[in-house]
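The structure under discussion appears below in the form of structure tokens.
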Amino acid sequence: MEVRTRFAPSPTGFMHIGNLRTALYAYLYARANGGKFIIRIEDTDQGRYVEGAVDVIFNTLKQAGIDYDEGPGKEKGGYSYVQSERKAIYKQYAEELIRRGGAYYCFCKGRDMTDGGTVKYDKRCLRLSKEEVAERLARGESYVVRQNIPETDGVSSYTDLVYGEISVAYKDMEDAVLLKSDGMPTYNFANVVDDHLMGITHVIRGNEYLSSTPKYNLIYDAFGWERPQYIHLPPIMKDKERKLSKRYGDANFDDFVKKGYLPKAIVNYIALLGWSPKNNDEMLSMEDLIRLFSVDGVNISPAIFDEAKLRWLNASYIKNMSAEEFLGAARPFLDASKVGGKYDYALLAPLLIPRVEVLSEIPSLVDFLEEFGEYDLSLFTHQKMKTDAAVALKALEAALPAIQAMDGWDMTVLHDLLAATAESIGLKKGQMLWSFRIAITGHASTPGGATEMAALLGKEETLRRLAYSIARLKEGL
RNA sequence: GGCCCCUUGGUCAAGCGGUUAAGACAUCGCCCUUUCACGGCGGUUACAUGGGUUCGAAUCCCGUAGGGGUCACCA
């Protein structure tokens with residue numbers, strides 16, 4: 001039988017990392033088994049609907065490289081994949097479930113609360129006579145439909161493909177509302193009906209549904225439908241206690257993209273949170289994931305989101321990029337920095353690629369090209385290079401005229417020139433280059449060596465900064 | 001509180017009765033190097049806890065502790 005999985009988000013705002021992972025696993029499971037991946041929008045809560053949220057979901061999936069076979073915009077079965085458009089279907093099935101004894105009309109308004117928590121609904125409307133129900137319905141009284149959990153001592157069990165056998169006793173289940181008084185179904189009902197109607201064979205979702213699944217299975221049973229397989233996923237945590245969630249900020253896919261993480265790296269990382277391949281590989285493309293994904297690699301316990309590891313993966317992806325690919329992704333960040341548009345990006349790219357972990361670091365790495373002056377003279381002191389301000393002054397005063405006399409601006413020539421100058425005044429090449437780099441950048445660490453920085457600055461600016469630094473040194477000594 | 005579930009280094013994560021308990025990130029040290037990176041090499045760090053079962057337990061069973069989930073006309 002063909003495997004069919006689905007991702008069924010509620011359009012309530014942004015695409016959370018946890019949801020994305022659920023979508024990814026459902027997608028991978030379908031693809032790994034030659035099956036179909038379906039998207040269904042669960043918007044039965046009119047109060048929670050957020051304008052534009054559906055677009056966010058589709059944009060995110062697209063950026064993440066997750067495509068789908070059926071869903072909004074790709075209707076296949078002659079029906080909608082948006083639950084709010086399926087209202088009539090749920091009503092029809094609710095009525096059938098009532099006929100089959102799996103549910104009943106309920107006219108109760110509130111419920112009794114005690115301070116020990118909620119008490120189970122007492123099923124009082126189940127005892128209503130057929131006549132009374134018909135009469136109240138005819139009168140137009142508002143009602144809900146409740147699931148009728150057996151009153152016997154039984155248990156409902158199922159085997160989750162990740163967690164193994166789960167059993168819950170009937171007495172621990174409640175007669176949940178299936179159809180709300182506004183005619184919309186609840187998740188409890190819409191899910192079962194749609195998963196069945198859409199032929200879903202494997203239900204993949206967060207483990208918050210682990211203990212309510214037996215209840216849903218009772219609905220399948222009452223209808224005489226075949227139950228699907230279940231794959232419940234452990235949560236992604238912010239720390240040991242807290243789930244990664246919107247409440248704690250920055251857990252949305254878009255936020256990570258804005259911060260300069262590559263979609264491929266994000267997808268790769270979250271694939272590894274809660275699952276691992278047999279072969280231990282960590283850099284995995286979508287094709288690799290599809291090839292390697294299997295449910296026995298899915299982990300059972302929560303995983304804490306570790307941004308440091310995401311950074312590492314992101315950096316690895318960047319290192320594998322060509323200069324062109326890198327600039328394609330990095331250009332917006334370069335444009336937004338102080339050097340925006342002013343330097344030869346092609347010269348910057350190879351210097352940045354091994355140094356950038358997250359694209360948003362780019363400005364802090366290159367801004368010194370535009371910002372220069374008033375740096376700390378102690379930067380000239382370097383133990384290992386045997387340099388200090390006095391050595392630097394000597395080196396720079398010899399270098400300045402030599403560079404002025406240079407024809408053109410060739411870095412090989414400059415390098416040799418500096419080396420020769422150093423030798424002529426009894427200094428080591430390293431002493432010259434260290435001093436020179438500090439003098440033209442004013443920074444202890446720069447994205448490249450002395451000549452690379454000089455190349456970026458150009459001859460004129462290099463000479464200007466050199467002259468400035470010599471003056472600073474003189475006044476400092 | 002009832003019910004369901006979870007527990008290997010700081011983090012991810014192999015492991016499914018016999019291993020010197022993998023690997024990765026992070027961290028520390030060394031090497032490379034005209035800085036910083038990259039890269040290379042090496043080190044530190046783990047089976048929550050108490051009982052069983054067994055010749056033998058990270059692996060099986062029970063309890064304890066800690067944590068999560070759920071108990072809505074939200075999903």
Side-chain angles (χ1 to χ4, degrees), chain A residues 8-10 12 42-45 47-48 106 108-111 115-120 142-146 160 163-164 166-169 171-174 176-182 184-188 190-191 205-214 232 234-235 237 239-243 269 272-276 278 280-283 296-297 299-313 315 319 351-357 365 379 382 384-385 387 415 418-419 422 428-438 441 443-453:
Chain A
S10 294
T12 56
E42 311 223 324
D43 58 348
T44 55
D45 185 356
R48 289 218 292 169
C106 172
C108 297
K109 292 294 178 277
R111 53 203 314 222
D115 30 34
T118 328
V119 78
K120 265 173 72 173
S142 130
Y143 67 91
V144 298
V145 173
R146 281 185 187 274
D160 185 272
Y163 285 87
I166 307 293
S167 304
V168 176
K171 66 174 172 52
D172 293 318
M173 302 181 200
E174 191 177 17
V177 169
L178 264 24
L179 216 58
K180 302 186 253 186
S181 54
D182 66 358
M184 280 290 191
T186 58
Y187 173 88
N188 306 323
N191 242 264
R205 68 200 351 169
N207 80 349
E208 63 266 29
Y209 297 107
L210 199 59
S211 58
S212 45
T213 295
H232 284 101
M237 311 291 282
D239 54 42
K240 281 223 180 321
E241 287 84 38
R242 295 176 298 176
K243 214 166 154 173
Y269 179 65
L272 260 16
L273 272 186
W275 169 81
S276 65
K278 301 259 177 288
N280 243 347
D281 283 353
E282 298 208 281
M283 279 272 281
D296 40 274
N299 223 47
I300 206 166
S301 53
I304 296 173
F305 189 92
D306 182 17
E307 193 163 344
K309 186 140 185 177
L310 207 210
R311 288 180 72 89
W312 166 77
L313 255 183
K319 284 185 195 89
L351 299 179
L352 257 18
I353 286 173
R355 276 168 259 258
V356 171
E357 289 192 305
L365 246 27
L379 290 176
H382 188 275
K384 205 167 135 193
M385 293 293 155
T387 339
H415 181 268
L418 289 173
K428 292 241 191 274
K429 186 174 81 170
Q431 293 175 298
M432 169 61 85
L433 290 167
W434 175 277
S435 303
F436 184 81
R437 190 179 58 82
I438 300 295
T441 65
H443 277 253
S445 72
T446 53
T451 57
E452 287 165 315
M453 293 302 100

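Just so it is clear: chains get the letters A, B, ... in the order the sequence lines come, proteins before strands, and each one is counted from 1. All values below come from the heavy atoms of this structure, side chains included, with hydrogens, waters and symmetry mates left out.
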Touch check for S181(A), heavy atoms < 4.0 angstrom, all strands: base, sugar-phosphate only, or nothing? base
Is the backbone N or O of R48(A) less than 3.5 Å from a side-chain atom of T12(A), with the two atoms forming a donor-acceptor pair by type? no
Expressed as a whole number of Å, how far does the P atom of A46(B) sit from that of C36(B)? 32 Å
| Are S212(A) and M173(A) close enough that some pair of their side-chain heavy atoms sits under 4.5 Å apart? | no
Contacts of T441(A) meeting side-chain hydrogen bond (donor to acceptor under 3.5 Å, both in side chains) (sequence neighbours excluded), chain-then-number -> none
To the nearest angstrom, the NZ-C1' distance between K109(A) and A72(B) comes to 17 Å
**Q.** Separation between the P atoms of G2(B) and A24(B), rounded to whole Å
**A.** 45 Å
*U7(B) to C47(B) separation - C1' atoms, rounded to the nearest Å*: 10 Å
Next on the checklist: Does A75(B) have OP1 or OP2 under 4.0 Å away from a side-chain N or O of K180(A)?
Outcome noted: yes
- What nucleic acid atoms does T441(A) come within less than 4.0 Å of, heavy atoms only: base, sugar-phosphate, or nothing? nothing
Which value, in whole Å, describes the distance between the P atoms of nucleotides A21(B) and G67(B)?
31 Å
Problem - K243(A)/E208(A) under side chain to side chain contact (heavy atoms under 4.5 Å, CB included): CA gap, chis, key distance, verdict - result: CA-CA 12 Å; K243(A) 214 166 154 173; E208(A) 63 266 29; 4.1 Å; yes
Residue set satisfying side-chain hydrogen bond (donor to acceptor under 3.5 Å, both in side chains) with S167(A), at least two apart, ordered chain then number -> S157(A)
Whole-Å distance, R205(A) CZ to U70(B) P, equals 13 Å
Would you say the side chain of T213(A) lies within less than 4.5 Å of the side chain of I166(A), judging by non-hydrogen atoms? no
Enumerate the protein-to-nucleotides 2-9 of chain B contacts in which both atoms are nitrogen or oxygen and the separation is below 3.5 Å.
none

Exercise for review: Please tell me if the side chains of H232(A) and R205(A) come closer than 4.5 Å, counting only heavy atoms from C-beta onward.
Suggested key: yes
task = Determine the interatomic distance between C1' on G23(B) and the same-named atom on A48(B); round to the nearest Å.
result = 24 Å
query: Does a side-chain N or O from T186(A) land closer than 4.0 Å to OP1 or OP2 of A75(B), or not?
result: no
To the nearest angstrom, the CG-P distance between D281(A) and A13(B) comes to 17 Å
- Is a donor on one side and an acceptor on the other found under 3.5 Å between the side chain of R437(A) and the backbone of A444(A)? yes
Residue set satisfying salt bridge (Lys or Arg N to Asp or Glu O under 4.0 Å) with K309(A), at least two apart, ordered chain then number -> E282(A)
Taking the C1' atom in each of C41(B) and U35(B), what is the distance between them to the nearest angstrom?
23 Å
Here the distance between atom C1' of U70(B) and atom CD of E174(A), to the nearest Å, is 12 Å
| Heavy-atom side-chain contact between M283(A) and L313(A) under 4.5 Å | yes
Walking RNA chain B from its 5' end, the first of L179(A) and F305(A) to be reached, judged by nearest nucleotide, is F305(A)
Separation of C74(B) atom P from D45(A) atom CG, nearest Å, is 6 Å
If we take the P atom in both A65(B) and G50(B), what is their distance in whole Å? 15 Å
Here the distance between atom P of G68(B) and atom NZ of K243(A), to the nearest Å, is 12 Å
Quiz item: Hey, what's the ring geometry for F305(A) with Y269(A), parallel, tilted or perpendicular (30° and 60° as the breaks)?
Solution: perpendicular
(Q) Rounding to an integer number of angstrom, what distance separates C12(B) and U27(B) when you compare their C1' atoms? (A) 15 Å
For nucleotides 23-39 of chain B, 5' to 3', base contacts (B), sugar-phosphate-only contacts (S) and non-contacts (-) with protein non-hydrogen atoms under 4.0 Å give SBS-------BBBBSS-
Encoded 5' to 3' (Watson-Crick or G-U under 3.5 Å; [ ] crossing; | other strand), RNA chain B becomes ((((((((.[[[..)..(....]]].(((((.......)))))....[[[[[..)....]]]]])))))))....
request  = Dump the intermediate steps for side chain to side chain contact (heavy atoms under 4.5 Å, CB included) on D45(A) and M184(A), then the final yes or no.
outcome  = CA-CA 8 Å; D45(A) 185 356; M184(A) 280 290 191; over 6 Å; no
Taking for Y269(A) and for M237(A) the nucleotide of RNA chain B with the nearest heavy atom, the one nearer the 5' end belongs to Y269(A)
- Does the side chain of T446(A) come within less than 4.5 Å of E452(A)'s, by heavy atoms? no
| said: With a 4.0 Å limit, can you tell me whether S212(A) has a side-chain N or O closer than that to the phosphate oxygens OP1/OP2 of U70(B)? | reply: no
Base orientation of C62(B), chi within 90° of 0 counted as syn, else anti, reads anti
